Amino acid sequence: MSRPTPPKTSSFAAVGGRGGARRGGAGGRLLRQPTTVLAGVWILIVVVSAVFAPALAPYDPLENTFAADAVLQGPSAEHWLGTDENGRDVLSRILYGARIALLVGVGSVLVAMLIGVPIGLLLGYRGGWWDRIGTRFVDIVDALPGMLTAFAVIAILGRGLPSLMLAIGLIFCMNFARMSRAITLAERGKLYVDAAKVSGIGEAAILFRQILPNLAGPLVIQGAILTGSAIIIESMLSFLGIGLESAVPSWGGLLGTAAAKLAVQPFLAIPPGIVIVLTVLSFNLIGDGVNDALQGEKRARVKVRKAPKRAAAATVPAVDAGPGATAASAPPASAPLLDVRRLTVSLHTAEATTPLVRDVDLAIGRGEIVGLLGESGSGKSMLARAILNLSPAGIGVSSGSILLDGRDIAGLGEKQLRDVRGVRLAAVFQDPMASLSPVHTIGTQLTEPLRVHFKLGRAEARARAAALLERVGVANAAGRLGDYPHQFSGGMAQRVAIAIAIASKPELIIADEATSALDVTTQSQVLDLLLELREEFGLSILLITHSLGVAAEACDRVAVMYAGEIVETASVEDLFDRPRHPYTAALLAANPTRDLDADRLPTIPGLVPLAGQWPEGCHFASRCPAATDDCRIAAIPMIDDVRCARVDELKLEVVR
Ligand SMILES: Nc1ncnc2c1ncn2[C@@H]1O[C@H](COP(=O)(O)OP(=O)(O)OP(=O)(O)O)[C@@H](O)[C@H]1O
């Protein structure tokens with residue numbers, strides 16, 4: 001038999017291109033905001049004052065002069081901003097006070113980040129009970145009055161800069177925990193995190209190296225805003241006399257003195273008041289400005305859109321009831337590398353357990369490419385995710401086993417999976433842009449699994465990464481290690497994803513719609529690459545696809561899924577020439593290539609029943625032209641690679 005023509009499944013179009021979408025960048029947008037620039041200039045002045053205070057201050061800020069004409073003076077030629085109740089120069093104390101303001105502001109925000117961010121990362125990433133209990137804890141700590149926390153810390157540790165930083169840090173830390181949790185919750189479901197898990201990268205590395213960089217923007221924004229707030233709290237505590245020692249030149253301390261002497265010298269409150277307001281306002285404006293600039297960056301990112309599906313392969317079978325047996329499929333040549341037995345995957349809720357995949361048997365031999373074919377919603381991804389142990393929350397294996405080289409890997413814990421995922425088992429997903437981390441270079445993403453699995457040094461890992469990129473067909477491989485995913489086309493990015501998948505020399509790759517987002521030519525090239533890699537490394541591949549053409553071009557055997565069950569498994573030739581299940585026949589008949597000029601594209605009448613609404617007997621009965629009442633009584637078992645009660649009576653003809 002000649003294999004059906006390669007498919008034309010979908011096409012890929014990049015809106016905007018390399019460079020075009022990034023005119024100016026975030027830095028450019030930041031500089032185009034006048035208020036942010038002014039705020040930046042003020043903060044620069046504060047930083048310069050803090051760093052060069054000894055050179056800039058006209059007097060020693062601690063020098064007391066108690067002469068009657070030297071205390072509580074207004075502005076004069078000698079003392080531009082007057083003097084305080086000890087005769088100390090206010091300008092000098094404000095210049096030195098900038099040091100305290102910045103130290104307390106930045107220091108306490110760093111303390112808050114160090115405490116809050118790991119908590120948020122852990123709760124968001126682990127989810128479930130960790131998140132439920134952890135979030136309550138965060139709520140409780142956050143509900144404590146901030147000033148009370150500060151009083152308690154200062155009462156225990158005494159006054160001083162470190163205790164002030166810790167006190168203010170504790171007030172803010174739950175802000176960072178909440179923000180990090182929310183972002184991590186969103187990020188942990190993304191494909192690049194799944195891809196990192198599948199590469200065998202540990203939880204700590206995923207949290208701190210994969211997810212944390214995505215928090216950089218929000219952390220900077222939140223950090224800038226809270227730095228301003230920390231300066232206010234420091235001023236309040238010093239104003240109340242429980243901040244720093246009164247001799248230490250701090251803006252809040254100056255304000256406290258001014259409040260006490262308001263009747264004698266009202267001007268004393270103005271200089272520290274102005275610098276506090278301007279500094280706090282500037283930090284807030286910078287936070288907002290960075291936020292706006294980054295939002296612009298997001299809007300300008302490359303977008304990927306799918307074009308409508310086009311024609312696939314050309315076989316038109318007809319369903320015809322009648323006697324006659326069909327050929328059986330060939331079993332895998334050797335003992336299977338992957339042997340899925342009677343697997344059921346279910347969604348567990350408080351109300352019910354709903355099977356999404358039921359009673360699946362699937363074997364993949366060494367070096368074999370097995371296609372998993374079926375309409376949308378048939379359960380292909382749920383099966384693949386169960387094999388990879390990446391089922392979404394609430395979904396898991398409820399019975400059966402997944403034997404990888406004889407070892408049952410169903411439901412293994414993250415720790416036990418470390419020597420399976422990324423070592424023996426890898427995955428390539430549909431959207432390469434989503435499965436690669438947007439904030440890391442390709443070099444970093446490729447060297448990470450190499451360093452984890454083979455304990456390679458940096459230089460050696462980079463050399464191996466370049467060789468891998470070259471192997472998958474990326475031109476100028478060494479030069480492109482420093483590029484980010486958005487600088488690659490869809491096809492090239494998928495090649496990179498394949499390079500990452502094969503980096504740790506796995507035995508089995510699960511390719512979940514790995515070519516669906518690519519244009520026809522690129523799709524064919526990526527399939528050729530997978531076939532070459534199979535030859536070269538003896539890889540086994542589970543190729544999940546909607547496309548008959550992809551299955552025909554690349555697979556040795558094909559399993560057809562319908563409404564959560566595998567209904568037929570056969571060699572690719574047998575499946576296309578002699579389908580045995582009416583659904584397989586209908587799927588082949590619905591292939592539009594022959595009838596491109598017809599008014600209506602051929603379809604299978606009716607809809608795939610949703611999980612939870614499967615009928616008692618054969619799941620396909622409501623759409624099957626050959627179904628009888630007997631088909632609707634009880635679940636149909638898989639016998640001799642077909643799940644059809646009438647398989648021996650039906651004669652399914654392929655019309656060409
Ligand atoms: N997170 C989820 N929670 C509950 N049910 C889900 C979830 N994801 C998928 N399902 C259900 O599981 C069944 C199988 O879905 P699955 O995504 O595996 O199908 P599929 O064959 O991979 O479809 P597609 O080709 O569109 O990806 C469907 O009935 C779907 O509605």
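As the structure lists them, so they are numbered: ligands from 1, and atoms in each ligand from 1. Since we're looking at a predicted model, the values are computed, not measured.
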Seminar exercise, completed: For Ile183 and Pro218 the tightest heavy-atom approach is CD1-CG, 3.5 Å
For this session: Determine, considering heavy atoms only, which of Pro609, Pro392, Gly379 sits nearest to atom 16 (P) of ligand 1.
Result: Gly379
Problem set entry | Result of checking Arg188, Arg126, Lys197 against Glu203 for salt bridge (Lys or Arg N to Asp or Glu O under 4.0 Å) | Arg126
For this session: Please check if the side chain of Gln445 supplies one atom and the backbone of His440 the other of a donor-acceptor pair under 3.5 Å.
Result: yes
For this session: Have a look at Ser540 and tell me which of Leu338, Leu337, Leu425, Val370 forms a side-chain contact (heavy atoms from CB on, under 4.5 Å) with it.
Result: Leu337
For this session: Check whether any side-chain heavy atom of Tyr125 sits under 4.5 Å from a side-chain heavy atom of Glu187, and report yes or no.
Result: no
Exercise. What is the closest protein heavy atom to atom 6 (C) of ligand 1, and at what distance does it sit?
Worked result: Leu356 CD1, 4.1 Å
Exercise. Should you measure from each heavy atom of Ala611, which atoms of ligand 1 turn up under 4.0 Å away?
Worked result: 29 (O)
Exercise. Gly374 near ligand 1, heavy-atom distance under 4.0 Å?
Worked result: no
Exercise. In the protein, what heavy atom is nearest to atom 27 (O) of ligand 1, and what distance, to one decimal place, separates them?
Worked result: Ser381 OG, 3.5 Å
For this session: Apply side chain to side chain contact (heavy atoms under 4.5 Å, CB included) to Leu383 and Val345, showing your working.
Result: CA-CA 7 Å; Leu383 175 57; Val345 178; 5.5 Å; no
Exercise. What do you reckon, does Leu610 put a non-hydrogen atom under 4.0 Å from ligand 1?
Worked result: no
Exercise. Which heavy atom of the protein is the closest neighbour of atom 2 (C) of ligand 1, given with residue, atom name and distance?
Worked result: Ile395 CD1, 3.5 Å
Problem set entry | Flag side-chain contact, heavy atom, 4.5 Å: His546 against Ser376 | yes
Exercise. With atoms numbered from 1 as shown, which atoms in ligand 1 lie under 4.0 angstrom from a non-hydrogen atom of Lys380?
Worked result: 18 (O), 19 (O), 20 (P), 21 (O), 22 (O), 23 (O), 25 (O)
Exercise. Should the ring pair Phe620 and His581 be called parallel, tilted or perpendicular, given that the plane angle runs from 0 to 90° and is split at 30 and 60?
Worked result: tilted
Problem set entry | Residue of the set Ile387, Val340, Ile369, Leu388 for which side-chain contact (heavy atoms from CB on, under 4.5 Å) holds with Leu542 | Ile387
Problem set entry | Residue, atom name and distance, where the atom is the protein heavy atom closest to atom 24 (P) of ligand 1 | Ser376 OG, 3.6 Å
Exercise. Does Glu375 have a non-hydrogen atom less than 4.0 Å from ligand 1?
Worked result: yes
For this session: Please work out whether any backbone atom (N, CA, C, O) or any side-chain heavy atom from C-beta onward of Leu383 is under 4.0 Å from ligand 1, and answer side chain, backbone, both or neither.
Result: neither
Exercise. For atom 18 (O) of ligand 1, which protein heavy atom lies nearest, and how many Å away is it?
Worked result: Met382 N, 2.9 Å
Problem set entry | Closer than 4.0 Å: a protein non-hydrogen atom to atom 30 (C) of ligand 1 | no
Exercise. Any N/O of Gly377 closer than 3.5 Å to an N/O of ligand 1?
Worked result: yes
